[in-house]
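As a basis for the values below, the full set of heavy atoms in this structure was taken, side chains included, without hydrogen atoms, waters or symmetry mates. Just so we're clear, the structure is a prediction, and the values are computed from it rather than from any experiment. Residue numbering restarts at 1 for every chain, and letters A, B, ... go by the order of the sequence lines.
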Amino acid sequence: MELIITEKDNAARRIADILSGGTYDSSRENGVNVYEWGGKRCVGLSGHVVGVDFPSEYSDWRDVEPVELIDASVEKTATKENIVATLRLLSRRAQRVTIATDYDREGELIGKEAYDIVRNVDEDVPIRRVRFSSITENEVQSAFDEPDELDFDLAAAGEARQIIDLIWGAALTRFLSLSAGQLGNDFISVGRVQSPTLKLIVDREREIEAFDPEDYWELFANLQKDETSFEAQYFYRDEDDNEAERVWDEATADEVYETLADRDAATVVDVNRRTRTDSPPTPFNTTQFIRAASAIGYSAKRAMSIAEDLYTAGYMTYPRTDNTVYPDDLDPEELLGEFVDHPTLGDSAESLLEADEIVPTEGDEETTDHPPIHPTGEIPSRGDISDDEWEIYELVVRRFYATVADAAVWEHLKVVAEVDDYRLKSNGKRLVEAGYHDVYPYFSTTENYVPDVDEGEELALSDVELEAKETQPPRRYGQSRLIETMEDLGIGTKSTRHDILEKLYDRGYVESDPPRPTRLAMAVVEAAEDYADRIVSEEMTAQLEADMDAIASGEATLDDVTDDSREMLEDIFANLGDSRDEIGDHLRKSLKDDKRLGPCPECGEDLLVRRSRHGSYFIGCDGYPDCENTLPLPSTGKPLILEEECEDHGLNEVKMLAGRQTFVHGCPLCKAEDAGEGPVLGECPDCGDEHGGELAVKTLQSGSRLVGCTRYPDCEYSLPLPRRGDIEVTDEHCEEHELPEIVVHSGDEPWELGCPICNYQEFQARESETGSDLEALEGVGAKTVEKLADAGIEDLDDLTEADPDAIASDVEGVSADRIRSWQAKA
DNA sequence: GCAAGGTC
């Protein structure tokens with residue numbers, strides 16, 4: 001029996017399909033899929049199934065000096081025990097083992113991990129390695145026809161990275177955490193990738209804080225030919241003979257303004273017309289995909305999570321790739337053909353197929369790991385996936401369209417007109433050939449109309465305006481810009497960059513979007529800059545990459561590289577020794593700064609955002625236990641302290657971050673003072689008859705509102721009200737419940753909530769209509785739930801127990817892969 | 001309870 005090992009289940013199944021010609025059987029072993037046919041078995045790992053760590057005697061942070069970790073041994077332990085067990089079991093029965101992990105450095109290391117597990121069971125079984133860059137019939141067949149050996153040097157390069165990352169990360173993380181007394185969940189982390197990324201954000205914030213705005217002026221005017229007028233802007237030649245629009249001196253600006261405003265015509269002195277080719281974009285790699293998704297409103301994390309689902313379901317290729325060159329065996333015409341006749345994606349495909357020749361664009365990066373992200377040709381039905389998933393799917397399809405579409409052509413028209421020595425310019429642009437924009441509507445194609453004019457022509461001049469402006473500080477990095485910058489600097493990988501950003505949020509280093517650093521983040525970066533500059537610089541990765549190349553080519557060994565690295569860290573700890581308290585004090589102070597709202601009205605100490613033992617947030621006084629003053633916070637979301645201060649109390653306002661339900665809570669002290677009963681609406685349906693209770697609009701101390709009985713707590717009848725907006729009680733009454741109708745004013749459109757009882761009943765009805773817990777799964781809509789129910793799958797339990805292939809054949813439009821992905825999530 | 005890298 002031959003055992004074939006891949007990096008992931010998906011790859012295992014596709015390879016089994018190719019090599020068996022579709023005749024494989026699948027079974028499960030310890031919860032791991034095994035594909036079997038004609039004397040062969042294929043099993044997929046789940047990336048790394050073993051990980052590096054220190055021996056257990058090093059695990060108590062307080063018992064071990066961080067510096068001791070530098071020379072501690074590093075062990076490998078199984079992290080996916082069921083997979084390791086399955087691998088052991090299958091290798092016992094194997095006469096030959098073939099490692100078919102991804103074709104990149106990390107894939108080689110993952111292959112080496114599998115190799116070690118197999119070797120442990122059987123010292124003699126032949127183990128070989130196959131390499132292919134995409135799982136297609138041709139590539140896989142020829143890889144298996146010409147098997148190779150595992151590259152132990154390349155795997156060792158990856159191992160060196162693991163060891164160095166662990167030692168540096170763990171030793172410095174523990175040092176900072178211990179110095180500030182931050183143990184448990186709130187430890188203070190540093191690492192080779194997260195810290196340089198954090199420094200990018202912190203450096204930008206420093207620029208913003210240090211920014212000193214400068215005044216300047218810009219001048220605009222209208223030019224007119226016949227009936228058409230168009231805007232022109234004043235410009236001059238600066239000392240480098242470049243065109244400049246900003247005037248830095250007010251007297252000059254006034255002088256230009258006076259002259260222009262005084263005149264009613266300008267003479268055309270230059271007309272420049274040129275056409276520009278606007279080439280179609282290159283295929284999606286992970287970073288460019290995240291960037292495009294972010295332009296249509298998806299966070300990096302959300303975009304990747306949706307892409308992962310679409311990949312698992314078989315609708316698009318692997319979402320983690322650096323490659324921007326389609327492989328030779330991608331046939332664009334065939335793939336376009338799959339979309340012909342599709343109700344919304346078909347027209348574009350058909351128009352593209354009309355071209356004489358189809359040549360896809362290529363990016364600069366051609367790698368061996370995976371193809372660029374593109375649709376597979378299996379098309380989801382619109383009702384099978386959520387709106388968000390469809391939007392991302394369509395983006396991927398249309399990007400593929402764009403890469404095989406024609407270039408667009410723009411016509412630019414620049415007109416320069418003169419008034420005395422002053423010049424005005426106007427830039428027009430017109431899209432002459434839409435080209436790829438027709439199939440890829442995500443880029444702006446805004447035109448700017450400037451009429452045809454001739455040199456020497458007189459144009460009417462009017463509406464001269466002088467605008468006083470000031471220079472703006474640089475903008476914060478957005479998430480996708482950060483990921484691009486990380487890629488440019490060579491830090492992190494396609495699979496980890498977005499996770500690293502999430503990590504910065506989790507650690508309390510950044511808040512909000514675009515990410516803004518906390519005082520803690522500033523202090524961590526400062527401490528690292530002072531004592532361990534290497535960990536916050538991208539140089540560490542650059543050096544590591546060079547060292548890994550040396551190991552891979554046999555010029556250095558794993559021990560050479562890790563020993564050097566250990567020595568460097570020893571030096572850092574030697575310098576760090578005496579400064580522990582100083583660093584700790586600074587970190588602690590910054591942590592407090594991040595939680596401070598302002599002075600306590602009762603004792604003058606600081607009011608801080610705190611967390612109760614149950615995990616809920618509240619505001620407490622730093623003077624506790626002497627001062628027991630507290631204020632409540634709403635129960636949904638994570639508090640973010642805003643820069644705005646309340647005029648009455650001098651406290652910072654608070655915003656509650658809760659994804660789409662994020663809202664500004666305001667000053668917690670004002671909220672507490674506003675607490676109490678508002679207008680009475682009518683009789684309480686529960687106790688009105690018997691005890692005379694009445695319903696009133698109430699505001700709780702936490703700021704949330706409801707309609708409740710005036711006899712609370714004797715009567716607990718209550719109805720929900722929205723968190724945001726001003727509540728207006730109208731004169732209209734509900735006939736059934738005799739309560740006034742309510743209108744909520746927030747944003748542009750007032751919301752007519754109506755009678756609070758009717759509103760609540762409608763809400764409950766909606767809840768029960770779509771009551772199946774299957775809907776909790778991402779990408780499962782009401783329609784799919786219905787279809788599944790017809791096939792006898794009514795809830796999550798039914799789903800997990802069912803056979804994916806059987807459901808797939810029963811339920812139209814649901815693939816076995818998607819069911820497997822749901823099962824995994826359930 | 002440390003990192004970063006795979007993958008789910």
Side-chain angles (χ1 to χ4, degrees), chain A residues 6-12 31-33 44-54 58-64 66 68-70 72 74 79-80 82-83 101-102 104-114 155 157-178 181-197 304-305 307-309 311-313 318-321 369-370 486 491-500 502-504 506-507 535 540-541 544-545 548 565 569 777-778 817-818 820-826:
Chain A
T6 68
E7 189 155 322
K8 41 191 169 277
D9 175 57
N10 236 300
V32 183
N33 290 327
L45 307 174
S46 180
H48 290 286
V49 292
V50 297
V52 288
D53 208 348
F54 302 110
Y58 290 90
S59 47
D60 191 323
W61 292 29
R62 276 159 302 199
D63 278 0
V64 181
E68 291 176 47
L69 295 176
I70 302 176
V74 174
T79 50
K80 305 270 164 62
N82 59 327
I83 299 179
T101 46
D102 290 356
D104 55 19
R105 185 173 57 218
E106 217 60 23
E108 210 67 19
L109 176 54
I110 291 166
K112 164 70 161 37
E113 290 164 3
E159 235 173 304
R161 179 200 58 70
Q162 288 185 316
I163 294 169
I164 290 170
D165 281 341
L166 174 66
I167 295 178
W168 282 70
L172 289 170
T173 294
R174 286 197 194 180
F175 179 88
L176 290 185
S177 303
L178 285 164
Q182 289 292 113
L183 298 175
N185 286 329
D186 303 319
F187 62 87
I188 297 172
S189 66
V190 281
R192 173 178 58 84
V193 179
Q194 60 172 275
S195 299
T197 307
M304 284 309 285
S305 150
E308 178 74 44
D309 288 343
Y311 155 71
T312 320
Y318 196 59
R320 295 184 272 269
T321 178
D369 53 354
H370 297 281
M486 290 170 78
I491 55 179
T493 72
K494 67 221 172 195
S495 324
T496 59
R497 291 186 192 111
H498 64 278
D499 290 334
I500 295 280
E502 283 305 305
K503 188 172 279 187
L504 298 182
D506 289 347
R507 297 280 192 271
I535 202 76
M540 181 164 174
T541 297
L544 183 61
E545 286 289 341
M548 284 195 284
S565 183
L569 190 55
L777 291 169
E778 227 163 88
D817 276 345
R818 283 188 76 203
R820 283 191 198 92
S821 83
W822 294 336
Q823 288 179 332
K825 282 186 194 153

Should the pair A:Glu545-A:Arg105 be classified as a salt bridge under the 4.0 Å nitrogen-to-oxygen rule? yes
Just say parallel, tilted or perpendicular for the rings of A:His370 and A:Tyr318, cut-offs at 30° and 60°. tilted
Scan residues 187-197 of chain A for pairs that pass salt bridge (charged side-chain N to carboxylate O under 4.0 Å, His left out), counting only residues two or more places apart or in two chains. A:Asp165-A:Arg192
At under 4.0 Å between heavy atoms, how does the protein contact nucleotides 1-7 of chain B? Give one character per nucleotide, 5' to 3', with B, S or -. BBBBBBB
What do the steps show when you test A:Lys8 against A:Asp102 for salt bridge (Lys or Arg N to Asp or Glu O under 4.0 Å), and what is the final call? CA-CA 9 Å; A:Lys8 41 191 169 277; A:Asp102 290 356; 3.0 Å; yes
Is a donor from one side chain sitting under 3.5 angstrom from an acceptor on the other, for A:Ser189 and A:Gln194? yes
